[in-house]
Amino acid sequence: MSQQSVVSPDQIRQRFSRAMSDMYREEVPLYGTLMELVAQVNAQVLDSDPTVAQQLRRTGEIERLDLERHGAIRVGTADELATLCRLFAVMGMQPVGYYDLTPAGVPVHSTAFRAVHEASLQISPFRVFTSLLRLELIENPELRAFAETVLTKRSIFTAQALALIEHAEQHGGLNEQQAANFVEQALETFRWHHSATVTAAQYQQLSAQHRLIADVVAFKGPHINHLTPRTLDIDSVQAKMPEHGITPKAVIEGPPRRQCPILLRQTSFKALDEPIAFSDQHQPHGSHSARFGEIEQRGAALTPKGRALYDRLLNAARDELDDFPNESNAARYNSLMEQHFKAFPDSDDGMREQGLAFFRYFVTEQGLAADHDALKAASLQDLISAKYLRAVPLVYEDFLPVSAAGIFQSNLGDAAQIHYGVHSNQQAFDKALGRSTLDELTLYAETQRRSIAECCKALNLPPLA
Ligand code: OOG
Ligand code: NI
């Protein structure tokens, strides 16, 4: 196969993300409603807030905004996870970060598959939050053995998808026809199934252990359980959801509303109850709820120092609330969050000067017109003060464990408040995955460094630290 005929992984990811969105919209019409609402609110924000519009134009994010979404799946075995890792690699997605959900009573650990370079993210920022069930947390040995048997019997990938993954690995990519086939075949893994692979009684047993265990074990494949568009104003979407027949969860996860958004704010609507035929039924007599809707607003990626401050303030607010945020304490939770987060500077300059967030740097018109010889000894701060460089916060591309726990919980109900006496086990996760996950902080630091290097080049300056 000649080099020219290879479709770039970024293109494959962009096509796959679109195909996934089309499939999900057809299967879950409420997702379509949510997408329309998000598009309306985004258009309003861009109209009414020229600064936001200008910043998105500068970073190029404006072009990816309508494409932007993440999804989530849950798998049952190491083999499934390892093969998914290879499948996502065909689309230029790598596992970033490790999330332990057991402190929240959810028996999984997770990573996010996504593109890692800013140029690739620009073409498609599609991400998939992927969780692996920790079967060892099923206490009843018979039930655990049963779950294992059911999982090892299933094959969640089509034969063609497997062949195309192998082809891409051996030949360095896929051509047009293969890429089109790959998108179609890969999509099959994420499809919803109206029939379960277990009997109604077996489903009940699995579900009694944990609803999530039933969700992973009882079906033919890891159906995509939500797709999340990115909004520029999550409070506005949250407020408008009821008018559109959507009931949002009680509180928005993540930081409080700010002038300069940081990290990630998320809200979701409850999973739908969908008719299911169990393996001992000819018609759907049962039901299962797994699929829901979610929206998110993304802000600045934080440095280790910024993240430590975020975690401290979030924990302080939650400790003071002394309960999981819910309907009855939502107002108090929001006001506690606002109070505590006063300690987090709410301006780009403030965050940059205190080293709390990562930034991308751009040369301004003035910078290009300046006498570059006179700048040889200038520091980064000098160049910014002189308005030769402009700093724009780097967008956070990842997830937050406490928020993810809140999203899981809002869909699993109170029965899910289980306390596992175990700890995170990144080593076991990496082993199942077949490689180690990338550290997101390193990725942000690299993007920041590359942008500074580009500015230096444009200004004819030696590299700046
Ligand atoms: C994943 C929940 C986490 C997020 O956006 O934090 C998540 C799941 O329910 O499988 O999607
Ligand atoms: Ni999500």
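One-based numbering, in listed order, for ligands and for the atoms of each.
Among all protein heavy atoms, the one lying closest to atom 10 (O) of ligand 1 is Arg74 NE, 2.9 Å. Protein heavy atom nearest atom 3 (C) of ligand 1, with residue, atom name and distance: Ala404 CB, 3.7 Å. Closest to atom 4 (C) of ligand 1, if we only count protein heavy atoms, is Gln266 NE2, 3.5 Å.
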*Would you sort out whether Phe399 and His70 count as a ring pair (Phe, Tyr, Trp, His ring centres under 6.0 Å), showing the intermediate values?*
CA-CA 10 Å; Phe399 295 86; His70 83 251; 4.7 Å; yes

*Check the pair His288, Asp215 against side-chain hydrogen bond (donor to acceptor under 3.5 Å, both in side chains), reporting the backbone distance first and the verdict last.*
CA-CA 8 Å; His288 177 65; Asp215 183 55; 2.7 Å; yes

*Does the pair Arg15 and Ser124 meet the rule for a side chain to side chain contact (heavy atoms under 4.5 Å, CB included), with working shown?*
CA-CA 9 Å; Arg15 291 178 203 175; Ser124 167; over 6 Å; no

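Which parts of ligand 1 touch Glu294 is read off a 4.0 Å heavy-atom cut-off, strictly below it: atoms 4 (C), 5 (O). Close contacts of ligand 1 with Phe399, meaning ligand atoms under 4.0 Å from a residue heavy atom, involve 4 (C), 5 (O), 6 (O).
For the pair His226 and ligand 1, a heavy-atom separation below 4.0 Å is found. Residue contact annotation: Glu296 has no non-hydrogen atom under 4.0 Å from ligand 1.
In terms of modelled atom types and a separation under 3.5 Å, the side chain of Arg144 and the main chain of Ile138 share a donor-acceptor contact.
Of all the heavy atoms in Cys260 and Asp348, the pair that sits closest is SG-OD1, 3.4 Å.
In terms of N/O distances under 3.5 Å, ligand 1 is not approached by Ser403.
If you look at Asn225 next to ligand 1, the close heavy atoms, those under 4.0 Å, all belong to the side chain. Contact annotation: for Ala72 versus ligand 1, heavy atoms closer than 4.0 Å belong to the side chain alone.
Residue Ser17 holds its OG atom at 13.5 Å from CD1 of Ile12, rounded to the nearest 0.5 Å.
Among the heteroatoms counted here (N, O or S) of His70, NE2 is the one nearest to the Ni ion (ligand 2).
In summary, Glu294 places an N/O/S atom under 2.8 Å from the Ni ion (ligand 2), meeting the contact criterion.
Across Gln44, Gln297, Arg257, a single residue satisfies side-chain hydrogen bond (donor to acceptor under 3.5 Å, both in side chains) together with Asp233, and that is Arg257.
Within the 4.5 Å cutoff, the side chain of Leu272 has heavy atoms near those of the Leu30 side chain.
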